[in-house]
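Below: the structure, in structure tokens.
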Amino acid sequence: MIRQMVKDFADKEIRPHVMEWDESQEFPVPLFKKAGELGLMGVLVPQEYGGSGLGYFEYVTVLKEIGRVCGSIGLSVAAHNSLCTGHILQFGNEEQKKRWLPKLATAEWIGAWGLTEQNTGSDAGGMLTTAVEDGDQYILNGSKNFITHGKSGDIATVIVRTGEKGDSHGMTAFVVEKGTPGFSAGKKENKLGMRASETTELIFDNCRVPKENLLGKVGEGFVQAMKVLDGGRISIAALSLGIAQGAYDVALKYSKEREQFGRPISSFQAIAFKLADMATEIEAAELLTMQAADLKNRGKKVTKESSFAKYYASEVAVRASTEAVQIFGGYGYTKDFPAEKFYRDSKLCTIGEGTSEIQKLVIAREVLNN
Ligand SMILES: Cc1cc2nc3c(=O)[nH]c(=O)nc-3n(C[C@H](O)[C@H](O)[C@H](O)COP(=O)(O)OP(=O)(O)OC[C@H]3O[C@@H](n4cnc5c(N)ncnc54)[C@H](O)[C@@H]3O)c2cc1C
């Protein structure tokens with residue numbers, strides 16, 4: 001039922017606008033309000049805080065079905081649910097959850113999450129943005145880079161330095177609301193793909209944040225962020241799965257319709273084998289993603305399995321969408337056909353929330369230490 005509901009939503013509300021939003025790089029805020037009405041912006045949030053109270057299987061289904069139609073919208077839904085909302089859900093106290101989760105789960109507010117800085121992406125622990133205690137407030141200074149919903153977001157969960165550089169316990173998470181003096185958005189990125197998902201800088205200029213906006217304890221921010229990413233990586237795996245499936249769907253259909261040498265191109269083994277590889281890899285990616293989702297549902301440690309899923313599914317999305325363009329031939333290289341957008345969008349999946357190289361580092365660490 002959830003799959004059908006999301007599919008109907010994506011077909012009716014997203015599909016007709018995909019290229020228009022992509023071309024104009026428009027982040028369609030009203031669409032997210034509609035997604036909120038359907039419960040898609042607080043999938044994992046318990047009903048007592050205004051969410052849908054569902055589990056990771058349903059969450060993977062939601063992101064797969066959206067990603068199948070538009071990667072950008074899928075990325076934004078994933079960032080809102082897993083990162084900003086997920087961080088408050090996991091580490092906020094009761095008062096903080098009651099204050100922010102109902103607004104986020106219904107999409108009355110759109111959420112952003114800021115870890116990355118200009119000089120510290122994979123090496124996020126080296127961040128330079130600081131928070132200095134001053135009475136019952138903290139004063140934030142610095143900037144965050146590549147932040148999804150940095151401008152349109154109504155609220156951001158940010159991880160900043162409260163201790164020494166290089167100390168993994170020297171960082172703390174805060175919630176900053178839009179309109180707080182000294183908090184603003186900077187440059188908006190002009191991107192290869194995921195163009196309808198807004199990506200901007202966040203700037204903190206003597207931004208005073210009350211102590212009651214601190215999540216958990218001082219010094220826990222980096223460890224919290226790594227736990228948030230364990231779940232977030234399942235969402236990027238699910239999004240990758242959707243993009244791979246979307247690319248496969250259009251390539252399969254086209255291969256049966258397009259004729260060369262008097263026969264459908266699907267009858268050439270070279271094309272049929274591409275489809276066979278795509279189908280096999282998508283199935284394997286789905287199983288890895290569902291394995292991670294199952295562990296997460298059962299409250300088990302999921303670091304290795306979510307990296308397995310994110311690493312594999314994102315690489316599959318790139319391979320499947322590359323082959324989809326190839327199956328479409330010259331038409332695949334034009335914007336009149338959907339393959340090129342899957343191809344452009346897919347690449348983000350091997351970069352955001354930890355690159356493929358970083359996933360391999362995580363997996364290697366897990367494998368070698370156990
Ligand atoms: C569209 C988009 C949306 C994003 N949204 C958010 C968001 O909402 N919030 C947020 O905080 N961040 C966000 N990011 C940032 C994203 O998480 C980072 O871009 C990513 O973690 C990589 O960091 P980097 O770009 O600085 O690359 P770098 O860390 O500079 O990496 C460059 C290359 O070096 C490799 N590399 C780095 N270190 C190692 C190593 N130790 N071993 C081997 N290889 C290594 C990388 O794999 C990569 O190939 C977003 C990025 C994009 C593009």
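First listed ligand is number 1; within each ligand, the first listed atom is number 1.
- Atom 26 (O) of ligand 1 has its closest protein heavy atom at Gly121 CA, 3.2 Å.
- There is a protein heavy atom less than 4.0 angstrom from atom 50 (C) of ligand 1.
- Within the 4.0 Å heavy-atom criterion, the part of Thr355 lying near ligand 1 is the side chain and not the backbone.
- Evaluated for a side-chain contact (heavy atoms from CB on, under 4.5 Å) with Leu54, the options Asn297, Ile2, Leu44 yield exactly one hit, Ile2.
- Not a single heavy atom of Met194 sits under 4.0 Å from any atom of ligand 1.
- Note: His169 and Phe222 fail the aromatic proximity criterion, with ring centroids not under 6.0 Å apart.
- In terms of protein heavy-atom proximity, atom 3 (C) of ligand 1 is closest to Thr148 OG1, 3.5 Å.
- Looking at Leu202, Thr116, Leu75, it is Thr116 that brings a heavy atom closest to atom 16 (C) of ligand 1.
- Note: the hydrophobic cluster containing Phe91 does not contain Leu89 (ILVMFWY, side chain heavy atoms under 4.5 Å, direct or indirect links).
- Between Phe337 and Tyr254, the ring planes lie perpendicular to each other; the angle is over 60°, past the 30° to 60° tilted range.
- The protein does not reach atom 30 (O) of ligand 1 closely, with no heavy atom under 4.0 angstrom from it.
- Using a distance-only test at 3.5 Å, with no hydrogens or angles considered, no donor-acceptor pair links the side chain of Arg195 to the main chain of Gln25.
- Checked against the 6.0 Å centroid threshold, Tyr333 and Phe328 do not count as a close aromatic pair.
- Checking each of Ser356, Ser346, Ser240 against Glu315 for a side-chain hydrogen bond (donor to acceptor under 3.5 Å, both in side chains) leaves exactly one that passes, namely Ser356.
- The Lys191 neighbourhood of ligand 1 comprises atoms 1 (C), with distances under 4.0 Å to a heavy atom of that residue.
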inquiry  = Between Gln359 and Ser307, does the side chain to side chain donor-acceptor pair (under 3.5 Å) criterion hold? Intermediate values first, please.
reply    = CA-CA 5 Å; Gln359 301 314 314; Ser307 280; 2.8 Å; yes
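- The distance criterion of under 3.5 Å between nitrogen or oxygen atoms is met by Leu115 with respect to ligand 1.
- Under 4.0 angstrom from ligand 1, the non-hydrogen atoms of Thr199 all belong to its side chain.
- Ser122 CB, 3.8 Å is the protein heavy atom nearest to atom 38 (N) of ligand 1.
- Note: an N/O pair closer than 3.5 Å links Trp113 and ligand 1 by distance alone.
- Per-atom contact check: atom 35 (C) of ligand 1 does not touch the protein, criterion being a heavy-atom distance below 4.0 Å.
- Checked by atom type and distance alone, the side chain of Thr355 pairs as donor or acceptor with a backbone atom of Ile358 at under 3.5 Å.
- Looking only at protein heavy atoms, the nearest one to atom 43 (C) of ligand 1 is Glu357 CB, 4.0 Å.
- Of all protein heavy atoms, the one closest to atom 25 (O) of ligand 1 is Phe146 CE1, 3.9 Å.
- Regarding atom 53 (C) of ligand 1, its nearest protein heavy-atom neighbour is Leu348 CD2, 3.4 Å.
- Under 3.5 Å, the side chains of Lys103 and Thr106 contain no donor-acceptor pair of N or O atoms.
- Here the protein heavy atom with the shortest distance to atom 17 (O) of ligand 1 is Glu353 N, 3.5 Å.
- With hydrogens and angles disregarded, a donor-acceptor distance shorter than 3.5 Å links the side chain of His80 to the backbone of Met41.
- Scanning the protein for heavy atoms near atom 40 (C) of ligand 1, the closest one is Leu361 CD1, 4.0 Å.
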